[in-house]
Q: 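Quick one: structure below, then a few questions.
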2 protein chains.
Amino acid sequence: MGIAERKNRQKQALRERILDAARRIVVREGFAALSMRKIADAIEYSPATLYLHFASRDDIARALCAEGYAQLLATFVPLMQIADPAERLKALGRAYVAFGVEHPETYRLIFMEDPSYTGAALGGAVGVGKDEGNAGEPSANTRRGHSTTAPGNAAGEASEDLGDAALQIMIDALDELRTAGRLPAPVASVEPAVRAEALWASLHGIVALYLTCPVFPSAPLDTLVGVTLDAWLGAPQTARAGGSANAAVRGEKRPKRLPASSTDPPPRPPARRKAAGP
Amino acid sequence: MGIAERKNRQKQALRERILDAARRIVVREGFAALSMRKIADAIEYSPATLYLHFASRDDIARALCAEGYAQLLATFVPLMQIADPAERLKALGRAYVAFGVEHPETYRLIFMEDPSYTGAALGGAVGVGKDEGNAGEPSANTRRGHSTTAPGNAAGEASEDLGDAALQIMIDALDELRTAGRLPAPVASVEPAVRAEALWASLHGIVALYLTCPVFPSAPLDTLVGVTLDAWLGAPQTARAGGSANAAVRGEKRPKRLPASSTDPPPRPPARRKAAGP
DNA sequence: GTCTATACCCAGATAGAC
DNA sequence: GTCTATCTGGGTATAGAC
């Protein structure tokens, strides 16, 4: 059956090209500027062809999200080697913020755009659980018909686990710190999941404000991250008290914005779009 | 000149009707669903008429933002009476988050939508200042021609001050705490503006995740707020150590979501739109 | 000051020829 | 499998009659 396999490979290849083009558009012009026509233009196919690989624009967006989750988690994994939980957690925090700064449109897409996109990363396996279904109806047709015919495509399926995994990494580090008695009292006295969620929210706040508010960090970003991590983890209590664990508390030496700009150009704001037909 | 005044009043009245309708649409369907056609429909005028009062859809959005800033600041003002700076700060934090939860679409609009909207609140008067102009071009025509003919319209002009004022309230409370020696060491050792920005970011993170991520707070929202404030302000160090200052650390008594729902219905996500022609 | 009508743009999605 | 052509529906903004 070599012929069928070749056809499958070709189909996969086109699928990847579509996703590549879509990613480039999102990165350059923002998610709002992503349209089927633009993707089709970019890969020099007709718009109709896209629908043989993805059920809808939303479907493509979800695939991009899955990639984003994987990318974020991939930046976390090597940091798990850090033995000291406090250092590990700080590295994770800095990596998280750096990811958001370096990939603004990707970060926007997966964490700031649409509840159904953001929710796809968290299976809800962590913590207590929720009431009030807030997800809503935005396209309940996650995968219908085509686009899932081929089994082993990259980052298509279990994107739910990725977000949970990232959160779990933080929970673990926090737990180690707690059992070692190295957390400030108010932080130590809550449930692990709550701790992790709250810390996550703090980091997300920094990134989100940075990406949305032009005049936000009047302070250098890593200063902000440093003081936030210190507030949560407490200053190191092994001797030499008072000082912060972060080197750049007043760090005027470092560049104001972490890596100046790495992958994505600065967020290109509006460019709105309309809703679809039937 | 009573005739001219009457005409002016009428013009103002229609302006208010437009803004009212726009606010209702944003609150009910989200900012993305706001369109000139819809506003015109709602007030039973033709779309063309709107352009006699506002230069563009963007202009209307800015006016709504200004209202939002004023509204947020108004919830802060009464809390300034609280004598104890720690209690004041906690009340401010809770009020901030509550505002975001009770007015999700308003909060989205002013803090999560567009850099040019969010930036309008902060004059940049606070803190060190920034480099890298990130604002961008989205409609530099803030006020041109009409719509500013009448002088005393509500919440039209100095919206820049409002955001700064809110931040300043937080800075002041933090300063009082610091001079009283009641801040944790890592938090006390940074500049006041940085402290305030970082705390603000933490609170924003909670609200932003709550509004965007369907499965985010597996913990009750006020638990999250409580532990965050405790992390920043430290547990009260006057005797009875260890315990948190916030009553609801494990508070299963309270409703999961603060006021169930007050003004705005739950965020109604997408509904995108396109960019305009010349 | 307000309207109708319209120019012009963009989008998502599909039918049916090839 | 791919395309052309098209349907349907949205949008901003303006010209010109009343």
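Fair warning: this is a prediction, and the values are worked out from it, not measured in the lab. Chain A is the first sequence line, chain B the second, and so forth, proteins listed ahead of strands; every chain is numbered from 1.
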Q: Which heavy-atom pair separates B:Ala40 from B:Ser46 by the least distance, and what is that distance?
A: CB-C, 3.7 Å

Q: Looking at the base of C:dG12, is there any donor atom on it, or on the side chain of A:Arg57, that sits under 3.5 Å from an acceptor on the other one?
A: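 In this structure, the two groups form no donor-acceptor pair.
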
Q: Return the value, rounded to whole Å, for the distance between atom CD1 of B:Ile60 and atom C1' of D:dG11.
A: 14 Å

Q: Tell me the interatomic distance from A:Met36, atom CE, to C:dT14, atom C1', rounded to whole angstroms.
A: 12 Å

Q: Verify the distance criterion only: is there a donor paired with an acceptor across the side chains of A:Thr212 and B:Glu113 at less than 3.5 Å?
A: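 No donor-acceptor contact under 3.5 Å links the two side chains.
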
Q: Under 3.5 Å, is there a donor-acceptor pair between the B:Tyr96 and B:Tyr107 side chains?
A: yes

Q: Crowded around B:Glu44 CD? As in, over 12 foreign heavy atoms under 6.0 Å?
A: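 Check fails, neighbour count at 12 or below.
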
Q: Separation of B:Leu34 atom CG from D:dG10 atom C1', in whole Å?
A: 14 Å

Q: If you restrict it to nitrogen or oxygen atoms, what contacts under 3.5 Å exist between nucleotides 2-5 of chain D and the protein, and what is each distance?
A:
| from | atom 1 | to | atom 2 | distance (Å) |
| --- | --- | --- | --- | --- |
| D:dC3 | OP2 | A:Ser46 | N | 2.9 |
| D:dC3 | OP2 | A:Thr49 | OG1 | 2.5 |

Q: In whole Å, what is the span from the OH atom of B:Tyr51 to the C1' atom of D:dA15?
A: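 Atom-to-atom, B:Tyr51 to D:dA15, this comes out as 14 Å.
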
Q: Starting from P on D:dG9, measure out to CG on B:Asp41 and report it in whole angstrom.
A: 15 Å

Q: What's the CG-P distance between B:Leu50 and C:dT4, to the nearest Å?
A: 13 Å

Q: Quiz question: by atom type and distance under 3.5 Å, do the side chains of A:Asp58 and A:Ser56 form a donor-acceptor pair?
A: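 A:Asp58 vs A:Ser56: no donor-acceptor pair found between side chains.
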
Q: Round to the nearest Å and state the distance from A:Lys7 atom NZ to D:dG1 atom P.
A: 6 Å

Q: Nearest-Å distance, CZ (B:Arg37) to P (C:dA5)?
A: 14 Å

Q: Can a cation-pi geometry be assigned to A:Arg57 and A:Phe31, taking NZ or CZ under 6.0 Å from the six-membered ring centre and within 45° of the ring axis?
A: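 A:Arg57 over A:Phe31 ring: yes.
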
